[in-house]
Amino acid sequence: MGAFRGLDYFHLDDLLTEEEVMIRDMTRDFVSDAVMPVIEDAYEKAYFPMDLVPKIAELGMLGANLPTEYGCAGLGPVAYGLICQELERGDSGLRSFVSVQGSLVMWPIFAYGSEEQKQKWLPRMAKGEAIGCFGLTEPDHGSDPGGMETRATKDGDGWILNGAKMWITNGTIADVAVVWARTDEGIQGFLVEKGTEGFSAPEQKRKFSLRASVTSELVLDHVRVPDSARLPGVKGLKGPLGCLTQARYGIAWGGVGAAMACYDEVLQYTKEREQFGRPLAGFQLIQANLAEMVTEITKAQLVVWRLGKLKEAGKARPQHVSLAKRNNIHIALKIARMCRDMLGANGITAEYQAMRHMCNLESVYTYEGTHNIHTLVIGQDVTGISAFGG
Ligand code: TGC
Ligand code: FAD
């Protein structure tokens with residue numbers, strides 16, 4: 001299909017600063033020139049395109065919203081969101097890589113780490129010279145991380161970690177894992193380095209979704225780390241949940257990108273493909289679908305732009321982020337499925353993007369808080385009553 005044209009039905013570009021437009025366009029060009037030519041192969045053969053990492057780092061996309069004093073780009077929330085949007089236009093796996101590195105590893109080191117930890121990791125991670133992963137989910141605890149069984153026990157001047165994490169993005173390729181573990185003083189985060197005795201990160205294979213992304217188990221078998229590996233700035237479940245709020249913000253923007261990719265492709269396709277003697281785009285049912293997609297994408301764009309402005313003003317609450325993640329991934333998945341249908345049999349092939357996005361979005365619908373969990377977060381917020389269980 002032809003070049004990506006984006007979608008700006010309500011002239012939302014008028015709401016962006018020159019710098020934000022420049023960063024969006026730079027990321028868009030990077031995705032068109034460097035990602036699109038390789039992504040189908042990576043997806044089909046199930047590998048993460050590591051060759052892209054130096055360029056992603058050079059363009060300032062790793063920890064993009066963290067301060068320049070640690071070698072990061074120091075961008076505002078909207079610019080960071082636009083990067084996520086454009087990366088996910090390419091593939092959710094690419095946005096996942098950047099979300100995990102920036103929001104789930106660099107951000108907690110920045111927000112909860114010691115100065116020594118920040119100096120050690122942030123500049124290298126911004127350059128893509130060190131890769132990180134975030135270990136919260138366990139085989140028996142996904143939506144309820146508060147039930148985690150991984151344990152860190154004080155041992156002289158250090159800690160012994162035992163337990164297992166599962167479904168961890170970047171695990172096998174990571175140089176450092178942020179591992180959340182239960183201690184006598186509540187849940188705490190530990191920086192566990194690759195090669196530490198007793199620590200391994202085998203890759204989880206046979207995925208039908210996010211195939212261009214590495215997903216792994218983390219095995220912790222009497223892993224000893226010094227106290228200097230503990231993130232000293234936070235105790236309790238609010239530590240990891242605070243990181244999720246950062247990552248979910250980028251994911252909400254990413255959903256817009258995946259939806260725009262599918263819409264753009266199907267619009268071109270239905271204008272060119274003829275059945276019953278005229279273009280598919282000339283049929284009312286096809287136009288109803290296109291109108292629905294333009295409407296939902298425009299609403300999703302407004303949601304994340306406003307959320308970005310709230311974040312800029314320090315007024316964004318985790319519940320606002322839940323609403324945006326819930327809505328935008330829901331509509332992106334719905335649009336990807338509609339597009340797959342409108343492409344007919346062609347839609348099931350790697351020649352077109354819709355099915356790849358659709359399969360990816362099934363994971364995005366589940367990770368970083370499932371659709372149900374975000375429904376209950378909003379429900380609790382508006383009623384004051386928790387319906388999670390217990
Ligand atoms: P609850 O009692 O509600 O909260 C415990 C403490 O945490 C605070 N808090 C938050 N803080 C910041 N951001 C948030 N989103 C927060 N949500 C809660 C809360 O104020 C409280 O603080 P304090 O000071 O009173 O102690 O906790 P709960 O046990 O009832 O759980 C609430 C629930 C269900 C919403 C939460 O556990 C949850 O979000 N579950 C979903 C788990 C999840 O999203 N896991 C994601 C794993 S990482 C991942 O998927 C990465 S994929 C990345 C990629 O590849 O892109
Ligand atoms: P469960 O919690 O078992 O949920 C199963 C179903 O039950 C869902 O539909 C859910 O909505 C529903 N449900 C659960 N509780 C309730 C309730 N109270 N009320 C109503 N419905 C409920 N985790 C990490 O820590 N780090 C990562 O980097 C990471 N990367 C991931 C990458 C991929 C590709 C995937 C698929 C997952 C990743 N995860 C990661 C894990 C992800 O966060 C969890 O899968 C997610 O939180 C859901 O947990 P679960 O899979 O155990 O599902």
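Counting starts at 1 for both ligands and their atoms, following the listed order. Counting from 1, the numbers follow the sequence of the chain as shown. Values below: all heavy atoms of this structure, side chains included; hydrogens, waters and symmetry mates excluded.
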- Closest non-hydrogen protein atom to atom 24 (C) of ligand 2, residue and atom name please, with distance? T137 OG1, 3.3 Å
- Numbered atoms and elements of ligand 1 in range of P318, under 4.0 angstrom, heavy atoms: 13 (N), 14 (C), 15 (N)
- Starting from atom 49 (O) of ligand 2, find the nearest protein heavy-atom neighbour and note its residue, name and distance. G142 CA, 3.2 Å
- Below 4.0 angstrom, N of the basic side chain to O of the carboxylate: do E44 and R356 qualify? no
- Message: What protein heavy atom lies closest to atom 21 (N) of ligand 2? Include the residue and the distance to one decimal.
- Response: N372 ND2, 3.2 Å
- Message: Tell me the protein heavy atom at minimum distance from atom 45 (O) of ligand 2, and give that distance in Å.
- Response: T366 CG2, 3.7 Å
- Message: Below 4.0 Å, non-hydrogen atoms only: which portion of F388 touches ligand 1? Side chain, backbone, both or neither.
- Response: side chain
- Item | L104, portion touching ligand 1 at heavy-atom distance under 4.0 Å | side chain
- Query: Ion pair present between R24 and D13, side-chain N to carboxylate O less than 4.0 angstrom?
  - Reply: yes
- Who's the nearest protein heavy-atom neighbour of atom 37 (O) of ligand 1, and how far? P145 CD, 3.4 Å
- In the protein, what heavy atom is nearest to atom 33 (C) of ligand 2, and what distance, to one decimal place, separates them? Y367 CD2, 3.6 Å
- Exam field: side chain E19 to backbone A79, donor-acceptor pair closer than 3.5 Å: no
- Task: Heavy-atom contacts with K238 under 4.0 Å: which atoms of ligand 1 show up? List them by number with element.
- Result: 6 (C), 7 (O), 8 (C), 22 (O), 24 (O)
- Query: For ligand 1, which part of S143 has a heavy atom less than 4.0 Å away: the side chain, the backbone, both, or neither?
  - Reply: backbone
- Kindly confirm or rule out an N or O of D144 lying under 3.5 angstrom from an N or O of ligand 1. no
- Query: Under a 4.0 Å heavy-atom limit, does T370 contact ligand 1 with its side chain, its backbone, both, or neither?
  - Reply: neither
- Where on L241 is there a heavy atom closer than 4.0 Å to ligand 1, on the side chain, on the backbone, on both, or on neither? both
- Task: Give a yes or no on whether a salt bridge exists between R317 and D381, defined as a side-chain N under 4.0 angstrom from a carboxylate O.
- Result: yes
- Query: So, does E20 use its side chain to make a donor-acceptor pair with the main chain of V78 at under 3.5 Å?
  - Reply: no
- Query: Charged N to carboxylate O below 4.0 Å: is that the case for K154 and D184?
  - Reply: no
- Message: Give me the nearest non-hydrogen protein atom to atom 48 (S) of ligand 1 as residue plus atom name, then the distance to 0.1 Å.
- Response: L244 CD2, 3.5 Å
- Closest non-hydrogen protein atom to atom 40 (C) of ligand 2, residue and atom name please, with distance? W167 O, 2.8 Å
- Message: Give me the nearest non-hydrogen protein atom to atom 8 (C) of ligand 2 as residue plus atom name, then the distance to 0.1 Å.
- Response: T370 CG2, 4.1 Å
- Task: Measure centre to centre between the rings of W159 and F190, then say whether the value is under 6.0 Å.
- Result: yes
- Identity and distance of the protein heavy atom lying nearest atom 47 (C) of ligand 1: T137 OG1, 3.6 Å
- Query: Can an N or O of S96 be found at a distance shorter than 3.5 Å from an N or O of ligand 1?
  - Reply: yes
- G369 to ligand 1: N or O pair under 3.5 Å? yes
- For atom 28 (O) of ligand 2, which candidate among D140, T169, T215, V105 provides the closest heavy atom? T169
- Query: G389: heavy atom below 4.0 Å from ligand 2, yes or no?
  - Reply: no
- Task: For ligand 1, find out whether one of its N or O atoms is nearer than 3.5 Å to an N or O atom of S99.
- Result: no
- Task: Starting from atom 34 (C) of ligand 2, locate the nearest protein heavy atom and write down its residue, its atom name and how far away it is, to 0.1 Å.
- Result: L210 CD1, 3.5 Å
- With atoms numbered from 1 as shown, which atoms in ligand 2 lie under 4.0 angstrom from a non-hydrogen atom of L376? 17 (C), 18 (N), 19 (N)
- Message: Assess whether a salt bridge exists between R230 and E185, defined as any Lys/Arg side-chain N lying under 4.0 Å from an Asp/Glu carboxylate O.
- Response: no
